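Contents: one structure, followed by commentary.
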Amino acid sequence: MAIEAWFMQENGDDQRLPHQKNPPEYVLMEELEKLGVLYWPLDPEKYENDPELQKIREARGYSYMDMLDLCPEKVENYEQKLKNFYTEHIHADEEIRYCLEGSGYFDIRDKDDRWIRILIKAGDLIVLPAGIYHRFTLDTSNYINLMRLFVGEPVWTPFNRPQEHHPARKDYIKNLTEKVGVQLEAH
Ligand SMILES: CSCCC(=O)C(=O)O
Ligand SMILES: [Fe+2]
């Protein structure tokens, strides 16, 4: 199964709706790859003892892992956390999430600063590169259970936009410029 992604139609509607354009404009994995996104489809039933997951963790140094079961009973400051997740931000490191149950949307900015909405569902392991502007929302299913991975001691700190002088942002832009030859405007 491939990952599903599309350019967003931004309007004032509920963030949990798909926000597809009419007609829809889908984005292929190869375009996401150019933006630095990585993706593996895995078997979520096997997550506790999955040689494929193990291989990825070893290859990329993902030594740390924990679970984020996004429901109001299990998460402190649930509403505030959801708000923070949907505030456009970057991190100094990769954001690595493996969806075990439920689903949700990761929105990322493309090279022209357009929002691409990525549907993440059970079995999807996704890596967002350090320095990419992004945000996250639940979808109308209102539930997701995620594995969080990290290289070494985890740092989850979000840096809200604008962050044009953040080293991770500068590095990201530099890589993107070299890779696809685009010049991003500072915002
Ligand atoms: C719910 S995981 C994704 C949210 C996010 O972008 C983050 O935690 O930094
Ligand atoms: Fe994030």
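In this text the structure is predicted, and so the values were computed from the model without any measurement. Counting starts at 1 for both ligands and their atoms, in listed order.
- Residues Asn142 and Tyr78 approach most closely at O-OH, 4.3 Å, considering heavy atoms.
- Taking the centre and axis of the six-membered ring of Tyr86, the NZ or CZ atom of Arg135 falls inside the cone set by 45° and 6.0 Å.
- With waters neither drawn nor counted, the protein N/O/S atoms under 2.8 Å from the Fe ion (ligand 2) amount to 4.
- Aromatic ring pairs are classed by plane angle as parallel below 30°, tilted from 30° to 60° and perpendicular above 60°; the pair Phe85 and Phe136 is perpendicular.
- No donor-acceptor pair under 3.5 Å is formed between the side chain of Arg97 and the backbone N or O of Ile126.
- Ion pairing between Asp171 and Lys174 fails under the 4.0 Å rule for side-chain N and carboxylate O.
- A donor-acceptor pair under 3.5 Å is absent between the side-chain atoms of His19 and the main chain of Glu10, judged by distance alone.
- Classified by interplanar angle (parallel below 30°, tilted 30° to 60°, perpendicular above 60°), the ring pair His91/His134 is tilted.
- At least one cation-pi condition fails for Arg109 and Tyr133: the charged atom is not both under 6.0 angstrom from the six-membered ring centre and inside a 45 degree cone around its axis.
- Closer than 4.0 angstrom to ligand 1 lie heavy atoms from Leu68, Phe85, His89, His91, Glu95, Arg97, Phe106, His134, Phe136, Leu146.
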Inset, instruction - Could you walk me through whether Lys55 and Glu52 pass the salt bridge (Lys or Arg N to Asp or Glu O under 4.0 Å) test, one step at a time? - result: CA-CA 5 Å; Lys55 249 199 280 177; Glu52 270 192 77; over 6 Å; no

